[in-house]
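Per chain, numbering begins at 1; letters A, B, ... match sequence-line order. This is a predicted model, so every value here is computed, not measured.
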Amino acid sequence: QKEVEQNSGPLSVPEGAIASLNCTYSDRVSQSFFWYRQYSGKSPELIMSIYSNGDKEDGRFTAQLNKASQYVSLLIRDSQPSDSATYLCAVNMRPGGYQKVTFGTGTKLQVIP
Amino acid sequence: GAVVSQHPSRVICKSGTSVKIECRSLDFQATTMFWYRQFPKKSLMLMATSNEGSKATYEQGVEKDKFLINHASLTLSTLTVTSAHPEDSSFYICSASLDRNKYNEQFFGPGTRLTVL
């Protein structure tokens, strides 16, 4: 089992719809979780961090964390063509001390105008 | 805040030369910086973790004598690709972790595209 698993996509959604991106992780004691957006040819950009079970909202983005199910998701409301990118889920497997953030392989999102 | 710069953004060199890439945290101190490489349409691959004032920790399979990392200050880490060869051509990206943030968010630099002829 991969440490951080994402569906590679592409996930295609029409403009204005909700895009739902999912991620599962293997380490039960993970404490911090991140979503990055990476445009083609560019470096990743941090868009959401979440540390507690439940939802965290920031503008059109909502991150959802369920530690019992080892599952984290990202919802993008009112999707825009500019949201088309690869979204990377990242999990900090050992908070503090020797830290190692493990990245998933990313889900490619295509927002169709 | 949390801005990371990287220089140069693009470099083309001849086989056998060495290339140095600088990574700077501009508005925060980063005790830990990370170096990644990414091939086209592939995922990020962590190469090494760089800690200020100590030796870097390399991931399995990464040659430490080929990829020299120096983290001389809390705001600067450098990666030197020694005796570069065409197979070293890749997108190299650094990231820095906020010093006071126990959750270890990483902020990425814009990356350096290395082409070895």
Side-chain angles (χ1 to χ4, degrees), chain A residues 2-10 21 23 25 27 29-53 56 58 63 65 67 72 85-110, chain B residues 1-10 21 23 25 28 30-52 54-60 90-115:
Chain A
K2 291 182 182 177
E3 292 180 296
V4 179
E5 202 147 0
Q6 295 180 256
N7 188 316
S8 61
L21 304 162
C23 173
Y25 59 95
D27 187 355
V29 299
S30 298
Q31 294 295 319
S32 41
F33 309 85
F34 312 100
W35 282 100
Y36 288 83
R37 176 175 63 198
Q38 186 174 23
Y39 291 112
S40 181
K42 302 294 185 182
S43 66
E45 173 192 9
L46 180 66
I47 55 173
M48 288 289 281
S49 306
I50 187 166
Y51 314 119
S52 306
N53 276 328
K56 179 182 177 183
D58 183 2
L65 175 61
K67 291 185 180 180
V72 57
T86 297
Y87 289 80
L88 303 172
C89 171
V91 178
N92 190 20
M93 297 287 183
R94 298 178 189 176
Y98 177 68
Q99 53 171 305
K100 182 173 181 179
V101 173
T102 301
F103 287 82
T105 53
T107 298
K108 186 172 183 178
L109 172 67
Q110 295 177 339
Chain B
V3 178
V4 178
S5 71
Q6 207 172 322
H7 178 80
S9 59
R10 184 180 296 268
I21 303 170
C23 178
S25 56
F28 66 101
T31 53
T32 307
M33 290 184 173
F34 305 86
W35 287 96
Y36 296 82
R37 64 189 295 182
Q38 188 174 36
F39 292 106
K41 300 189 187 302
K42 299 295 184 183
S43 60
L44 286 172
M45 186 194 87
L46 178 65
M47 300 174 66
T49 301
S50 167
N51 293 293
E52 186 265 340
S54 63
K55 291 183 180 180
T57 301
Y58 290 82
E59 294 298 302
Q60 193 172 9
S90 187
F91 191 40
Y92 291 87
I93 317 172
C94 72
S95 72
S97 181
L98 284 173
D99 185 33
R100 291 187 297 277
N101 188 332
K102 67 176 180 177
Y103 298 109
N104 302 318
E105 290 174 326
Q106 290 186 29
F107 297 89
F108 285 85
T112 297
R113 195 163 302 281
L114 171 64
T115 303

(request) Under 4.5 Å heavy-atom distance to chain B, tell me which part of Glu45(A) shows up: side chain, backbone, both or neither. (result) neither
(request) Below 4.5 Å from any heavy atom of chain B, which atoms of Phe33(A) appear? Answer side chain, backbone, both or neither. (result)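 Looking at Phe33(A), nothing touches chain B.
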(request) State, yes or no, whether a side-chain contact exists between Ser95(B) and Val101(A) at a heavy-atom distance under 4.5 Å. (result) no
What distance separates [X] [atom1] from [Y] [atom2], expressed to the nearest 0.5 Å?
X        : Y         : atom1 : atom2 : answer
Ile93(B) : Gln38(A)  : CD1   : CD    : 5.5 Å
Tyr36(A) : Phe108(B) : OH    : CZ    : 5.0 Å
Thr86(A) : Leu44(B)  : OG1   : CG    : 10.5 Å

(message) For the NZ atom on Lys42(A), are there more than 12 heavy atoms of other groups (residues, nucleotides or ligands in this structure) within a distance under 6.0 Å?
(response) no
(message) With a 6.0 Å cut-off (strictly less than), is the heavy-atom count around NZ of Lys108(A), excluding the residue itself, greater than 12?
(response) no
Looking only at non-hydrogen atoms, find the nearest pair between [X] and [Y] and report the distance.
X         : Y         : result
Glu105(B) : Tyr51(A)  : OE2-OH, 3.1 Å
Ser43(B)  : Thr105(A) : CB-CA, 3.8 Å
Pro110(B) : Ser43(A)  : CA-OG, 3.5 Å
Gly41(A)  : Arg113(B) : O-NH2, 3.3 Å

(message) Applying side-chain contact (heavy atoms from CB on, under 4.5 Å) to Phe34(A) and Gln106(B), what does each step give before you reach the verdict?
(response) CA-CA 9 Å; Phe34(A) 312 100; Gln106(B) 290 186 29; over 6 Å; no
(message) For Gln38(B), which atoms come within 4.5 Å of any heavy atom of chain A: side chain, backbone, both, or neither?
(response)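 Contact with chain A involves the side chain of Gln38(B) alone.
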